[in-house]
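Structure first, commentary second.
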Amino acid sequence: MDVVVETAAGAVRGVRSARHGHAQHENGHGHENGHAQVTAFKGIPFAAPPYGENRFASPQPVVAWEGVRDALDYGPTPPKPPYRAPIDALLPEPSIPGVDVLNLNVWTPDTGSVGLPVLVWIHGGAFVNGTGAVPLYDGSAFARSGVVCVTVNYRLGAEGFALLPDAPGIAPANRGLLDQVAALEWVRDNIAAFGGDPRRVTVAGESAGAMSVTALMAMPAADGLFQRAITQSGAGHHAMRPETARTVTAALAESLGVAATAEGLSAVPVAEFIGAQRALSERIAAQPDPTKWGEAAMDGMAFEPCVDGSVLPGRPIDRIAGGAGASVGLLTGTNADEFALFTVPFGLDAAMTEAGVRGLAASLGLDADEAVGAYAAAGPALPPEQRAGTLFMALMRDVFFRIPAIRVVEARAARGAGSFVYEFGWRSPELGGRLGAAHAMELGFVFDTLAHPDARPMTGPKPPQHLADAMHGAWVRFIESGHPGWDEYGARRTVRMFGHGIAGGGVGDDGEVGDGGPAVVDDPGASTRALWEGRR
């Protein structure tokens, strides 16, 4: 059945569908709030197309339309290169042509409702890939749980993040973040028409999306646009200094033979622009010299938010330590085997040596002997051929994901702001079981979309639905009330453990249909966490 809703720019037509799938809380009793149907609106523009005179500009207002605009299918996706094989098979994502790339999607249980909580999802993809149209981000399960779910697009790569020397009014820094702010402003102004409450907004994201959420917590322009935040596998350390961002922009422009300005880069066709952007990223990755490329080499991302002093006044972790975002409730966490996604599919884990691990530890400011000993003792006993690769992945997980998340929580605690922390530990059977609880593995569990075929390359054919019920239910509780169901990360460093101990995606170690292993642990990985004090 078609449903029409009035927005500030004009009427949009969505489609109502019957209930399907799961939307249960951890206790298995369900949490559907009586919502048997979901209405979806897709491809609604929240800003004008960022092309022509708008290319490299701040997001501009949508031109209002007459009549009813169909919002039945996902809209165009921002220009982006495909993922490299074999990641493209593990993380399938659509590329949809068109110019109205700054669009969003809404799933609601009832357009006639009043005051429903709202989730706004910001996708990951290292700031160069991803889209709100990824099937795993289908918001139907959240809508069936009584939450209005919104997924958004934003400008990626150099289009969204290259630092240009033009006047800020012409080509501001961090355009991708400004797009996210524009989407949140659209939610503020329009979400009531879809049954949502603009005063009950949770903004959430994974990977680059989580880094974006942390940046939004630190940005004056986003102040007051959301009340809660969820950050999955991304925190507040990853932001470039302006000199690094200018170096990257200059190298990109030089490769294209144009001036490193908005005017110069605007003359380059989008397809050529994306090709040059990808070539530069690969060039930096092949020779990650921090003396030349700074944070781009250290973070593995040529394009990411930069500290421009205006849009992003400081590094997010530093801004949060200064009190920014203290009024925002936070749920944050990481996966147990984050870096497996970036190593195992390429066979890099098998190629790692212990000498390489020691060199990495030293380069990160750790004592090599102490670090290798601590990480070896903290993990399971391994055959010699797996030891070096596993230690390497554990070190990289911590420096890139786990420790930055802890630092955000600690910085907030110093300001009297509480946070809830989780760790996802369910190990996928894919790639001979070596993929483990890799980066992005939790997405289908959080969105309760494990049944979608696009989830299978990561999870395999039989992921545990009861774990999706537990995670999705906890996220819904946090979105509704600000409390996901376990204690805050305080003096005991309490962490909710999801999926640890579940063998092959079945029942828990205790034989019960649950998460497996202890549900809550105080200070997990304490010995390795302590290594980073004063170093990260």
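In this chain, numbering begins with 1 at the start of the sequence shown. Note that the structure is predicted; figures quoted are calculated from it, not measured.
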For Glu159, which of Lys80, Gln277, Arg55 qualifies under side-chain hydrogen bond (donor to acceptor under 3.5 Å, both in side chains)?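 Passing option: Arg55.
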Pairwise side-chain contact, Tyr154 with Arg175, heavy-atom cut-off 4.5 Å (strictly under):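 Contact flag for Tyr154/Arg175 side chains = no.
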Counting C-beta onward and ignoring hydrogens, is there a side-chain heavy-atom pair between Pro76 and Val99 closer than 4.5 Å?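 A side-chain contact under 4.5 Å is absent here.
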List the steps and the verdict of side chain to side chain donor-acceptor pair (under 3.5 Å) for Thr151 and Asn105. CA-CA 5 Å; Thr151 67; Asn105 315 293; 2.9 Å; yes
What residues form a side-chain hydrogen bond (donor to acceptor under 3.5 Å, both in side chains) with Arg397, not counting sequence neighbours?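 Scan of Arg397 (side-chain hydrogen bond (donor to acceptor under 3.5 Å, both in side chains), adjacent residues dropped) gives none.
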Checking the side chain of [X] only, and the main-chain atoms of [Y] only, is there a donor and an acceptor separated by less than 3.5 Å?
{"X": "Asp70", "Y": "Leu72", "result": "no"}
{"X": "Arg200", "Y": "Gly115", "result": "yes"}
{"X": "Ser428", "Y": "Leu435", "result": "no"}
{"X": "Asp308", "Y": "Pro313", "result": "no"}
{"X": "Trp65", "Y": "Ala11", "result": "yes"}

If you measure only the distance, is there a donor-acceptor pair under 3.5 Å linking the side chains of [X] and [Y]?
{"X": "Arg412", "Y": "Ser419", "answer": "yes"}
{"X": "Thr261", "Y": "Asp166", "answer": "no"}
{"X": "Thr332", "Y": "Thr231", "answer": "yes"}
{"X": "Asn153", "Y": "Thr131", "answer": "yes"}
{"X": "Asn335", "Y": "Glu423", "answer": "no"}

Just to verify, what does [X] make a ring pair (Phe, Tyr, Trp, His ring centres under 6.0 Å) with, not counting sequence neighbours?
{"X": "Phe226", "answer": "none"}
{"X": "Phe401", "answer": "His439"}
{"X": "Tyr74", "answer": "none"}

Ring geometry between Tyr137 and Phe447 (parallel below 30°, tilted from 30 to 60°, perpendicular above 60°):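 Ring orientation, 0 to 90° scale: tilted.
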Greater than 12 external heavy atoms within 6.0 Å of Glu254's CD: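 No - once you tally the heavy atoms of other residues, nucleotides and ligands closer than 6.0 Å, there are 12 at most.
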May I ask you to check whether over 12 heavy atoms, not counting those of Glu282, lie within 6.0 Å of atom CD?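 Enclosed.
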Enumerate, atom names and distances included, each donor-acceptor pair closer than 3.5 Å involving a side-chain atom of residues 180-195, sequence neighbours excluded.
{"residue": "Gln180", "atom": "NE2", "partner": "Ser212", "partner atom": "OG", "Å": "3.2"}
{"residue": "Asn190", "atom": "OD1", "partner": "Ala8", "partner atom": "N", "Å": "2.8"}
{"residue": "Asn190", "atom": "ND2", "partner": "Trp186", "partner atom": "O", "Å": "3.0"}

Run Val120 and Val118 through side-chain contact (heavy atoms from CB on, under 4.5 Å) and show every step you take. CA-CA 7 Å; Val120 179; Val118 180; 4.1 Å; yes
Pick out which of Phe445, Trp475, Phe498 makes a ring-ring contact (aromatic ring centres under 6.0 Å, His included) with Phe424.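 Testing each of Phe445, Trp475, Phe498 against Phe424, the sole residue satisfying ring-ring contact (aromatic ring centres under 6.0 Å, His included) is Phe445.
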Out of Phe56, Phe127, Phe303, which residue meets the ring-ring contact (aromatic ring centres under 6.0 Å, His included) rule with Phe161?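 Of Phe56, Phe127, Phe303, ring-ring contact (aromatic ring centres under 6.0 Å, His included) with Phe161 is met by Phe127 alone.
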Which ring-ring contact (aromatic ring centres under 6.0 Å, His included) pairs, counting each pair once, include a residue from residues 239-262, with sequence neighbours left out?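 Every candidate ring-ring contact (aromatic ring centres under 6.0 Å, His included) pair involving residues 239-262 fails, so no pair, neighbours aside, qualifies.
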Report the residue from Glu480, Arg477, His472 that forms a side-chain contact (heavy atoms from CB on, under 4.5 Å) with Ser145.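 Option passing the side-chain contact (heavy atoms from CB on, under 4.5 Å) with Ser145: His472.
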